[in-house]
Amino acid sequence: MGAYVVLGGTGAVGSALVGQLIDAGNRVMVGARDPEKLCSLAERWGCERSEVRADDSQSVDACVESANEKFGQVDGVVNCMGSVLLKPAHLVSDEQWHETLAANLSSSFYLARAAAKQMRGRGGSMVFVSSAAARHGIANHEAIAAAKAGVEGLAISLAATYASRGIRVNAVAPGLVKSQMTRSLWEPAASAKASAAMHPLGRLGEPSEVAELIAWLLQPTAGWVTGQVIGIDGGLGSLTPRR
């Protein structure tokens, strides 16, 4: 069984992933910002926990180092940290732009840097969460699309850099997934219908579905997969729905 670090582990996809990894017998260090949610998740799953801020590289370093000390190794890391900012560019403030980059892109870089230091001698797996919006133009997604496109570029470059050291790096690109963060897009009936209609399969994603793909990418069974951005989006990123 493996030892993993999951940043953003108190969110919908992150908590589903933590549960799946623990159920499979793995050891997990969860990093997140909210201490109460961290404590609740740790009590539920018996995982280790560390307070982490997306814009604080030192807290990310400390989280990964703590995992290595407690588990004796780090086999894989996942960044489920993120945000949703749906505004046209002319309405996005400097603060919102920097917050979006920090939550999605900077946090991924900090995690990759910290994990590479721990895994260079023995290999491992990194998985980052992008979005279908990174490569599929959707109105009012400029900031988040730019940040997630950066995540994809980061993942592919990391994969090239560290392949010779046995470190695999991949990203997953979900469509709209049901979570607290996206509630305003799927809870109202009109919004739910419009959001589902954007996806050729006619429904939104479940957190557990994205978590299962991430969990697979972490495992040795995916040992020949690296440098990939895998869409898990109901067809949103590559298909046109029938009207």
With side chain to side chain contact (heavy atoms under 4.5 Å, CB included) as the criterion, how do Leu217 and Ile230 come out once you've worked through the C-alpha distance, each side chain's angles and the decisive distance to 0.1 Å? CA-CA 10 Å; Leu217 287 169; Ile230 302 177; 3.9 Å; yes
Note to self: Counting only heavy atoms not in Glu209 (residues, nucleotides, ligands), do more than 12 fall under 6.0 Å from its CD?
What the structure shows: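 For Glu209, atom CD is crowded (more than 12 foreign heavy atoms under 6.0 Å).
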Stepwise, does the side chain to side chain donor-acceptor pair (under 3.5 Å) test hold for Asn68 with Gln118? CA-CA 7 Å; Asn68 191 59; Gln118 301 294 342; 3.0 Å; yes
* To do: Test Asn170 against Met126 for side chain to side chain contact (heavy atoms under 4.5 Å, CB included), laying out the working first.
  => CA-CA 6 Å; Asn170 296 285; Met126 303 184 195; over 6 Å; no
- request: For the pair Lys148 and Glu142, find out whether any cationic side-chain nitrogen is under 4.0 Å from an anionic carboxylate oxygen.
  value: no
[atom1]/[X] to [atom2]/[Y] distance, rounded to the nearest 0.5 angstrom?
X: Leu213; Y: Ser208; atom1: CG; atom2: OG; value: 12.0 Å
X: Ser130; Y: Arg135; atom1: OG; atom2: CZ; value: 7.0 Å
X: Glu51; Y: Asp56; atom1: CD; atom2: CG; value: 11.0 Å
X: Ile138; Y: Leu236; atom1: CD1; atom2: CG; value: 5.0 Å
X: Asn79; Y: Ser107; atom1: CG; atom2: OG; value: 4.0 Å
X: Lys70; Y: Glu48; atom1: NZ; atom2: CD; value: 4.5 Å

Of the non-hydrogen atoms in [X] and [Y], which two are nearest, and what is the gap between them?
X: Gly2; Y: Asn26; answer: N-OD1, 2.7 Å
X: Ala147; Y: Leu105; answer: O-CB, 4.1 Å
X: Ser108; Y: Phe128; answer: O-CE2, 3.4 Å
X: Phe71; Y: Tyr4; answer: CE1-O, 4.1 Å
X: Gln219; Y: Leu21; answer: NE2-CD2, 4.0 Å
X: Thr226; Y: Val169; answer: OG1-N, 2.9 Å

Across all chains, not counting sequence neighbours, the side-chain contact (heavy atoms from CB on, under 4.5 Å) partners of Ala114 are Asp61, Val64
Side-chain heavy-atom pair [X], [Y] within 4.5 angstrom cut-off:
X: Leu218; Y: Val127; value: yes
X: Met81; Y: Asn104; value: no
X: Met29; Y: Cys63; value: yes
X: Trp216; Y: Thr221; value: yes
X: Arg44; Y: Val18; value: no
X: Gln20; Y: Asp23; value: no
X: Val151; Y: Phe109; value: no
X: Pro241; Y: Pro200; value: yes

Does any N or O in the side chain of [X] come within less than 3.5 Å of the main-chain N or O of [Y], such that one atom is a donor and the other an acceptor?
X: Ser15; Y: Gly11; value: yes
X: His199; Y: Ser195; value: yes
X: Thr161; Y: Ser157; value: yes
X: Arg168; Y: Val225; value: yes

Leu41/Arg49 under side chain to side chain contact (heavy atoms under 4.5 Å, CB included): CA gap, chis, key distance, verdict:
CA-CA 9 Å; Leu41 191 73; Arg49 65 185 188 273; over 6 Å; no
Practice task
Would you sort out whether Leu7 and Tyr110 count as a side chain to side chain contact (heavy atoms under 4.5 Å, CB included), showing the intermediate values?
Solution key: CA-CA 11 Å; Leu7 296 193; Tyr110 297 152; over 6 Å; no
Leu17 and its side chain to side chain contact (heavy atoms under 4.5 Å, CB included) partner, picked from Val30, Ile214, Val28: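 Single side chain to side chain contact (heavy atoms under 4.5 Å, CB included) partner of Leu17 among Val30, Ile214, Val28: Ile214.
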Decide whether [X] and [Y] are clustered together by the hydrophobic rule: side chain heavy atoms of Ile, Leu, Val, Met, Phe, Trp, Tyr closer than 4.5 Å, transitively.
X: Trp45; Y: Val210; answer: yes
X: Val13; Y: Ile232; answer: yes
X: Met119; Y: Leu154; answer: yes
X: Leu158; Y: Val129; answer: no
X: Leu38; Y: Val6; answer: yes

### Polar side chain donor-acceptor pair, Gln96 to Asp94, under 3.5 angstrom
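No - no donor-acceptor pair under 3.5 Å links their side chains.
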